[in-house]
Amino acid sequence: MDETLMKAAVSPLLEWYRVCKRDLPWRKARTFYSVLVSELMLQQTRVEAVKERFVQFLQRFPAPEALAGASEDEVLKNWEGLGYYSRARNLHKAAKIIAEQGFPKDFAGVRALPGVGDYTAGAICSIALGLPQPAVDGNVLRILSRLYADGANIDEPATRARWSELLRAAYPPETGDFCEALMELGAIVCVPNGAPLCGACPWAGLCRAHLAGEEERYPVRSGKKARRIVEATVLVLRCGNKYALEKRPAKGLLAGLWQFPFFEGDAPDFGKVLAEKRAKHIFTHVEWRMQGRLVQARAELPQYVWATADEIRRTYAVPSALKAFMDWIG
Ligand code: ADE
């Protein structure tokens with residue numbers, strides 16, 4: 001791999017970043033904790049969706065001790081709508097570890113925190129600790145594959161490892177800016193969907209894919225697996241001014257969140273059906289196709305928790321996948 005190209009690419013990237021970077025809330029006052037929160041929130045979630053939630057989360061839990069002292073339900077409630085809730089549970093665990101042991105000081109310590117994989121550990125080390133640890137995600141793989149016009153399959157771990165080593169060798173002293181500049185280029189110039197904005201790219205004169213007019217041939221990926229389709233019935237059971245809720249299992253999809261009684265396939269008859277509608281929700285590996293029913297329950301069935309609409313909105317974390325049925329609860 002040609003290291004000179006990467007080294008030539010560093011300064012133009014840093015200069016571009018200083019001028020063009022977006023003004024994002026987590027790029028202001030930075031602490032280890034604020035970087036940890038933002039990097040976990042940004043895993044698989046768009047910057048636009050995170051911006052406001054990051055600020056609110058830090059207001060509610062301003063330090064690791066505050067987060068460590070909260071209940072899991074409170075933490076999940078403050079993560080509501082962001083999806084991938086295991087991140088919230090992991091962040092909660094990480095805060096407990098930090099509250100007891102202090103912040104980790106090196107890559108191994110950061111990587112050992114729950115919910116922190118190689119990518120996030122690299123980002124936290126680069127941004128919060130000033131360590132030259134590469135953070136290679138899909139955005140970074142795309143911009144490097146194009147810079148080098150490299151046709152290796154980016155879904156192969158060996159490809160990722162190779163780019164990671166190349167970056168490690170090129171790291172400048174401004175570790176945080178470099179790390180975020182790579183992400184930023186992939187987010188706003190060398191964009192994931194549609195044509196890249198090469199006219200605005202600091203690498204336009206270096207990028208081998210651009211020089212060959214073949215930007216969109218890269219990156220090369222293997223095909224994606226099809227999603228599993230789950231047909232389900234969701235019952236919004238009403239009794240007086242209360243509605244039935246159940247807690248999802250502690251493991252798996254949307255673990256620990258609250259939902260209206262949810263049945264794979266059809267549901268039992270609990271009373272008169274007042275309204276029906278369909279909704280779907282697409283997760284990474286599963287698609288829910290839901291038949292929703294608003295049902296007048298004959299009694300407060302004891303297998304469920306019963307709560308008013310207000311209580312549900314204020315204290316129970318309900319996944320966005322069920323948002324369509326929240327209209328029914330007044
Ligand atoms: N995605 C992951 N980390 C990010 C960051 N620090 N800034 C912008 N997008 C990101």
Side-chain angles (χ1 to χ4, degrees), residues 21-99 110 113-117 119-121 123-124 126-128 135 137-139 176 179-180 183-184 186-188 191-192 247-248 253-259 281-284 309-327 329:
K21 70 178 173 195
R22 289 168 294 176
D23 181 17
L24 301 174
W26 50 90
R27 292 182 178 165
K28 298 206 167 80
R30 283 193 153 148
T31 62
F32 185 97
Y33 174 67
S34 74
V35 173
L36 176 69
V37 172
S38 60
E39 292 307 323
L40 278 161
M41 264 191 195
L42 286 160
Q43 287 173 356
Q44 348 236 5
T45 307
R46 287 172 309 106
V47 162
E48 284 309 312
V50 169
K51 273 161 104 170
E52 199 181 331
R53 303 301 301 279
F54 165 79
V55 174
Q56 290 165 348
F57 194 92
L58 279 198
Q59 274 164 359
R60 175 67 189 76
F61 306 113
E65 292 73 20
L67 183 56
S71 71
E72 180 169 294
D73 273 335
E74 265 178 289
V75 177
L76 291 173
K77 185 66 189 169
N78 283 275
W79 202 269
E80 194 175 44
L82 283 168
Y84 301 98
Y85 291 83
S86 58
R87 296 180 296 169
R89 277 187 303 276
N90 283 328
L91 182 56
H92 192 205
K93 287 187 203 138
K96 290 180 183 172
I97 295 170
I98 291 168
V110 173
L113 292 172
V116 175
Y119 166 72
T120 301
I124 294 172
S126 297
I127 299 168
D137 71 347
N139 284 328
C179 174
E180 284 198 281
M183 296 174 183
E184 196 76 347
I188 65 177
V191 291
K247 199 170 171 64
R248 290 184 61 83
L253 183 66
L254 304 173
L257 269 73
W258 293 86
Q259 65 186 5
H281 190 83
I282 297 173
F283 297 94
T284 312
D310 205 40
E311 287 165 341
I312 295 173
R313 292 220 159 78
R314 268 189 323 197
T315 57
Y316 292 89
V318 176
S320 306
L322 299 177
K323 211 161 68 190
F325 308 121
M326 291 289 281
D327 305 348
I329 72 164

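Minimum interatomic distance between P192 and G186 (heavy atoms only, all atoms of both residues): CD-O, 3.7 Å. Among all heavy-atom pairs drawn from A49 and L82, the shortest one is O-CD2, 3.9 Å. The two atoms that bring F61 and A70 nearest to each other are CE2-CB, 3.5 Å, heavy atoms only. In plain terms, the two heavy atoms of V116 and A121 that are nearest each other are CG1-N, 3.5 Å. Nearest heavy atom pair, residue K28 against residue D23, reads NZ-OD1, 3.4 Å.
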- [ ] Decide yes or no on side chain to side chain donor-acceptor pair (under 3.5 Å) for T45 and R53, but give the supporting numbers first.
- [x] CA-CA 11 Å; T45 307; R53 303 301 301 279; over 6 Å; no

Open item on the list: Please evaluate residues I329 and R313 with respect to the criterion side chain to side chain contact (heavy atoms under 4.5 Å, CB included), reporting the C-alpha separation (whole Å), side-chain torsions for both, the decisive distance (0.1 Å), and the verdict.
Closed with: CA-CA 10 Å; I329 72 164; R313 292 220 159 78; 3.9 Å; yes

- [ ] Check step by step if side chain to side chain contact (heavy atoms under 4.5 Å, CB included) holds for F32 and I98.
- [x] CA-CA 10 Å; F32 185 97; I98 291 168; 4.0 Å; yes

TODO: Go through the steps for V75 and L91 under the test side chain to side chain contact (heavy atoms under 4.5 Å, CB included), then give the verdict.
DONE: CA-CA 9 Å; V75 177; L91 182 56; 6.0 Å; no

- [ ] Take K77 and E74 through the salt bridge (Lys or Arg N to Asp or Glu O under 4.0 Å) test and state the conclusion after the steps.
- [x] CA-CA 5 Å; K77 185 66 189 169; E74 265 178 289; over 6 Å; no

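In this structure, OG in S38 is found 9.5 Å from CZ in R27, a value given to the nearest 0.5 Å. Atom-to-atom distance recorded for Y84:OH and W79:CH2 is 12.5 Å, nearest 0.5 angstrom. Between the CG atom in N90 and the CG atom in L40 there is a gap of 7.5 Å [rounded to 0.5 Å]. Atom CD of residue E48 and atom CG of residue L24 lie 8.0 Å apart, to the nearest 0.5 angstrom. Rounded to the nearest 0.5 angstrom, Q43 CD and T120 OG1 are separated by 3.5 Å. Here the CG atom belonging to D73 is positioned 8.5 Å from the CG atom belonging to L257, to the nearest 0.5 angstrom.
One finds no salt bridge joining E180 and K21 here, because no Lys/Arg side-chain nitrogen approaches an Asp/Glu carboxylate oxygen to under 4.0 Å.
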